[in-house]
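In each ligand, atom 1 is the first atom listed, and ligand 1 is the first ligand listed. Note that these values count all heavy atoms, side chains included, but never hydrogens, waters or copies made by symmetry. None of the values given here were measured: they were computed from a predicted structure.
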Amino acid sequence: MTSNVGYTPADKGILIVLSGPSGVGKGTVCKALRSCTSDIVYSVSATTRAPRQGETDGVNYFFKTREQFRQMIEQDQMLEWAEYVGNYYGTPRKFVEDTLNTGKDIILEIEVQGALKVKQKFPEGVFIFLLPPSLPELESRIVGRGTESEETIRNRMSVAVDEIAMMEHYDYAIVNDQVDLACSRIRSILTAEHYRKDRMVSKIQHWMAEVKK
Ligand code: ADP
Ligand code: 5GP
């Protein structure tokens with residue numbers, strides 16, 4: 001890819017934000033994306049929530065105490081952070097910036113308040129909202145995952161409705177009816193985004209500069 005468009009090291013990767021209500025399948029779809037493409041880097045968030053069974057520190061999340069999380073904020077280590085159903089979640093800034101600077105695309109799987117903060121800093125990012133086929137299906141996925149208490153499920157479902165209302169701030173909305181279809185929809189979006197005129201202009205500017213010398 002780099003050679004035939006004269007990509008320069010200054011060309012940045014695309015920042016992709018994937019949001020959607022709890023249980024819609026963001027993690028599942030990202031896992032499927034990982035297995036079918038090696039071109040995308042995944043940001044690992046920090047959180048104060050307790051690890052679920054099978055989750056590993058540094059892989060699924062960086063699990064932090066509230067004090068550690070607060071220090072990360074104070075030291076300006078977070079690109080964004082938000083409180084979600086009683087816990088803090090945030091995106092470590094440096095990894096995202098370093099990845100984009102090496103020309104690689106990166107996905108942030110984050111909730112809507114954080115996504116809006118990222119949009120202010122990266123208006124050129126690609127914002128994708130994942131929708132469930134229906135609200136009853138959403139609830140049955142959260143319940144089926146078996147990781148949350150009844151109270152947490154109720155809280156997450158009530159937040160879900162407000163989150164879906166925020167969809168208007170996103171560039172794309174795709175339904176996760178089947179994981180493989182949702183995955184290929186995201187890949188199609190990314191292919192198209194790579195060929196947006198604005199992104200191509202910055203890639204070929206140095207050709208013009210050479211010709212005019
Ligand atoms: P999120 O990361 O959005 O909270 P998960 O990826 O943990 O959601 O998925 C929640 C549950 O829904 C999991 O049990 C997962 O296996 C299931 N799931 C995800 N996508 C689908 C789908 N397209 N069809 C049926 N079940 C799904
Ligand atoms: P969960 O507890 O189910 O893993 O995540 C709860 C919510 O927090 C999900 O909507 C998830 O996308 C979001 N989330 C995960 N990491 C981050 C983050 O770094 N920042 C923000 N703002 N939200 C996050």
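When hydrogens are left out, the protein atom nearest atom 20 (N) of ligand 2 is Glu80 OE2, 2.7 Å; that is the closest non-hydrogen contact.
Considering backbone and side-chain atoms alike, Gly27 places an N or O below 3.5 Å from some N or O of ligand 1. Between Glu137 and ligand 1, no N or O atom pair is found at a separation short of 3.5 Å.
Residue-level proximity to ligand 2 for Tyr89 is carried by backbone and side chain together, each with a heavy atom below 4.0 angstrom.
At a 4.0 Å cut-off, not a single heavy atom of Ala182 sits close enough to ligand 1 to count as contact. Proximity of Lys117 to ligand 2 is not established, as no heavy-atom distance is less than 4.0 Å. Ligand 1 lies out of reach of Gly20, whose nearest heavy atom is not under 4.0 Å from it.
Near Arg49, the atoms of ligand 2 lying under 4.0 angstrom from a non-hydrogen atom of the residue are 1 (P), 2 (O), 4 (O). In the vicinity of Pro21, heavy-atom distances shorter than 4.0 Å reach the ligand 1 atoms 3 (O). In summary, the atoms of ligand 2 found under 4.0 Å from a heavy atom of Gly90, numbered by their order in the structure, are 18 (C), 19 (O), 20 (N). Every atom of ligand 2 is numbered from 1 in the order shown, and the set under 4.0 Å from a heavy atom of Gly114 is 22 (N).
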* Steps toward side-chain contact (heavy atoms from CB on, under 4.5 Å) verdict (His194, Asp105) -> CA-CA 10 Å; His194 269 278; Asp105 298 345; 2.6 Å; yes

